[in-house]
Amino acid sequence: MSLKFEQRVRSRMLGAFAAAALFVSTGFVESTPAYAKTDAQPAVLTASAVAVADKYAADTAEQIFKQGGNAVDAAVAIAFTLAVTYPEAGNIGGGGFMTLYVDHRPYFLDYRERAPLTATKNMYLDDKGEVIKGMSLYGHRAVGVPGTVAGMWEAQKRFGKLKWKQVLAPSIKYAQDGFEVDDQLQERRDAASKEFAGKTNFDLYFGGMKQGAVFKQPDLAATLQRIADGGAKGFYEGQTAQLIAESMRGHGLITERDLKEYKAVWRQPILASWNGYRIITAPPPSSGGIGLVQLLKMKADLKDKFDNVPLDSAQYIHLVAEIEKRVFADRAQYLGDPDFYKVPVAQLTNDDYILKRAQEVNPDTPSDTKSVLPGLGTSMPEKAETTHYSVVDKWGNAVSNTYTINGYFGSGVVAEGTGIVLNDEMDDFSSKPGVANMFGVVGSDANAIAPRKRPLSSMTPTILTKDDKVAMVIGTPGGSRIFTSIFQVISNVYDFRMPLPEAVGATRFHHQLLPPNTIFQEPYHKLDPEVVKALEDKGYKFTMQDFNGDIQAIRIDDTTPEPMADPRGRGVARVIR
Ligand code: DON
């Protein structure tokens with residue numbers, strides 16, 4: 001079964017929004033369950049399923065499942081395929097997070113990019129201490145050390161059933177033989193081409209892309225082949241590493257040593273109980289899991305205020321904006337890479353703390369933005385394009401993976417001779433305290449640049465379980481909109497009891513403390529003008545944003561998986577028997 005939707009948002013996000021070198025565990029390494037490699041377990045679901053960003057990735061997943069692969073094999077094969085067929089966001093030149101549920105146990109893999117060894121706190125500031133516009137967004141200096149290949153290698157080695165080469169094979173074929181270019185990809189390429197003109201070598205690689213025509217990437221095929229042959233070393237050492245370092249020389253900071261020292265990290269996922277479900281989601285260096293848990297629990301704490309308030313009514317939007325204000329105040333103050341900064345995770349997800357924050361919500365009028373302070377006090381040490389996919393296999397394992405090169409086509413730099421589009425993830429650091437990044441969010445010293453440090457993310461790959469069985473797998477791109485979008489879909493499904501397709505298709509809106517009392521709405525589903533007027537009368541302002549996520553979700557009803565790809569994108573939902 002394949003669900004494909006015509007309606008799409010054809011726009012580019014940028015225009016809209018304005019250490020531990022070794023395998024550091026944060027205390028949650030569990031041994032690999034034996035069955036993951038043996039296939040001894042009987043199926044517990046009627047089928048496997050995926051919700052992914054394009055049809056090629058769905059075909060790849062189908063091929064992997066037919067070869068006997070599990071959800072992790074499929075997830076890794078999808079990542080490499082999207083690096084070829086969804087080059088605006090799919091990548092091997094970026095990084096991300098993978099939340100897994102394997103043999104009834106939760107895991108989280110952090111393969112976020114790291115700042116290069118010679119990065120410095122003020123590297124994007126001029127002599128006067130002002131942020132140099134665009135420097136963390138375009139070109140070689142915007143690039144963080146990529147983590148995707150290390151992440152995929154770690155995940156597949158630990159939990160996969162197939163051979164590494166088998167999961168690389170579909171991507172190599174798409175790079176070598178080509179794939180047909182979709183109209184949405186073409187539009188994004190055209191926009192990127194304008195944006196990077198005169199700044200990067202983007203057109204050298206993507207200039208020939210034409211809607212409806214087959215696009216081949218021989219350099220990328222050769223790079224993927226080296227990764228297939230050499231594993232992670234095929235990227236982080238040898239010819240690929242040399243080519244990346246060579247393309248950086250004289251322009252950017254990444255060296256062969258940076259690449260060789262890169263490591264992915266298994267971390268303790270955020271675990272929380274909510275509404276009879278267990279939420280398994282992203283810990284720091286993502287802000288998303290903490291944000292999602294705070295949003296869901298604050299909403300539950302305010303049950304009497306939300307009761308009988310219809311979705312998308314002025315009162316609903318006001319109440320959600322009020323809780324979002326509190327979440328973003330905490331995000332700006334306390335969150336950063338936990339290997340560099342002690343993030344108060346337990347305090348920020350503590351039920352009593354969240355209740356206290358919920359009680360600060362003003363049910364009638366917007367709280368004055370300046371009065372909404374970080375909730376733990378400031379005595380704590382003051383120190384956009386992405387894609388998500390969700391996978392379940394018939395054995396009941398699940399993978400929720402979000403990975404990114406940040407803006408569409410990342411920094412616009414293609415490492416010469418490799419076909420690898422390099423990220424602009426350095427923009428997710430706080431270049432200067434209080435100065436907003438591409439997504440309009442600010443940060444403190446917790447998210448200042450330092451060598452080897454990972455920039456703060458909002459990516460929130462999430463799994464919900466009930467009675468130790470997967471109930472939902474969900475995630476989305478969207479920068480700081482990520483966890484507010486996921487929150488709205490989860491709330492639509494479980495609080496408003498909407499069927500999954502409606503819950504994903506419903507209007508989404510966003511508020512993030514700054515700019516003050518500003519609600520972002522989306523062209524896909526505009527808010528009712530009367531609702532807008534009622535909120536304007538309360539003091540809110542409205543801004544149209546071009547992009548509000550591309551949710552890829554799977555809901556499991558007892559033993560039947562129901563995948564759903566966001567109608568806002570070119571994603572595909574497929575049940576695979
Ligand atoms: O890690 C983050 O939060 C951002 N770099 C994600 C960027 C993103 O979602 C762009 N997608 N549309």
Side-chain angles (χ1 to χ4, degrees), residues 8-18 53 82 86-91 93-98 110-115 136-137 142-144 146-148 151 184 188 191-192 281-292 328 331-332 335-337 384-389 401-411 421-431 436-443 447 453-462 475-486 508 510 512 520 522 524 545-552 566 568-571:
R8 289 168 182 164
V9 174
R10 296 182 169 87
S11 53
R12 184 161 195 282
M13 184 157 201
L14 285 175
F17 303 157
L82 291 173
Y86 200 93
E88 69 265 47
N91 68 82
F97 302 130
M98 187 183 279
D110 169 0
Y111 58 95
R112 179 83 163 155
E113 299 92 329
R114 299 198 321 196
S136 59
L137 284 173
V143 184
T148 296
Q184 187 190 53
R188 289 174 176 175
T281 189
S286 180
S287 58
I290 292 173
L292 177 64
F328 277 93
R331 183 192 191 279
L335 299 188
D337 182 347
E385 171 63 27
T386 307
T387 182
H388 176 87
Y389 52 88
N401 189 85
T402 315
Y403 74 154
T404 186
I405 38 178
N406 202 22
Y408 285 142
F409 297 99
S411 62
V421 181
L422 294 168
N423 67 81
D424 60 339
E425 223 68 58
M426 293 295 284
D427 189 63
D428 275 345
F429 279 116
S430 176
S431 294
N437 74 355
M438 167 168 71
F439 298 103
V441 283
V442 293
N447 189 31
K453 192 174 173 184
R454 292 171 153 95
L456 181 62
S457 174
S458 300
M459 293 185 290
T460 318
T462 297
T476 182
S480 54
R481 281 79 176 152
I482 289 175
F483 55 92
T484 60
S485 294
I486 296 173
R508 292 199 286 267
H510 174 80
Q512 57 178 28
F520 294 89
E522 53 171 355
Y524 174 73
Q545 60 184 4
D546 287 355
F547 184 91
N548 201 11
D550 187 25
I551 290 268
Q552 306 296 338
D566 201 321
R568 294 162 180 83
R570 64 179 194 267

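Counting convention: from 1, in listed order, for ligands and their atoms alike.
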Check the orientation of Phe328 and Phe483. Use parallel for under 30°, tilted for 30 to 60°, and perpendicular for over 60°. parallel

Is it the case that ligand 1 has an N or O less than 3.5 angstrom from some N or O of Gly478? yes

Ligand-side contact atoms (ligand 1) for residue partner Thr404, heavy atom cut-off under 4.0 Å: 7 (C)

Can you find an N/O atom of Gly479 closer than 3.5 Å to an N/O atom of ligand 1? yes

Return the set of residues passing salt bridge (charged side-chain N to carboxylate O under 4.0 Å, His left out) with Asp427 (not counting sequence neighbours), or none when no residue passes. none

If only atom types and distance count, is the side chain of Arg454 paired as donor or acceptor with the main-chain N or O of Arg112 below 3.5 Å? yes

Ligand 1 contacted by Arg112 (non-hydrogen, < 4.0 Å): yes

Please classify the Asp550 to ligand 1 contact at 4.0 Å (heavy-atom distances, strictly less than): side chain, backbone, both or neither. neither

When you check the side-chain N and O atoms of Arg331 and Ser458, is any donor under 3.5 Å from an acceptor? yes

Quick one: CZ on Arg481 to CD on Gln512, what's the gap to the nearest 0.5 Å? 5.0 Å

Side chains of Asn423 and Tyr403: any donor to acceptor distance under 3.5 Å? no

I'd like to check which ligand 1 atoms, numbered from 1 as shown, lie under 4.0 Å from a non-hydrogen atom of Ser458. 1 (O), 2 (C), 3 (O)

Side chain or backbone of Asp428 under 4.0 Å from ligand 1, or both, or neither, by non-hydrogen atoms? side chain

As an exercise, identify every atom of ligand 1 less than 4.0 angstrom from a heavy atom of Ile482. 9 (O)

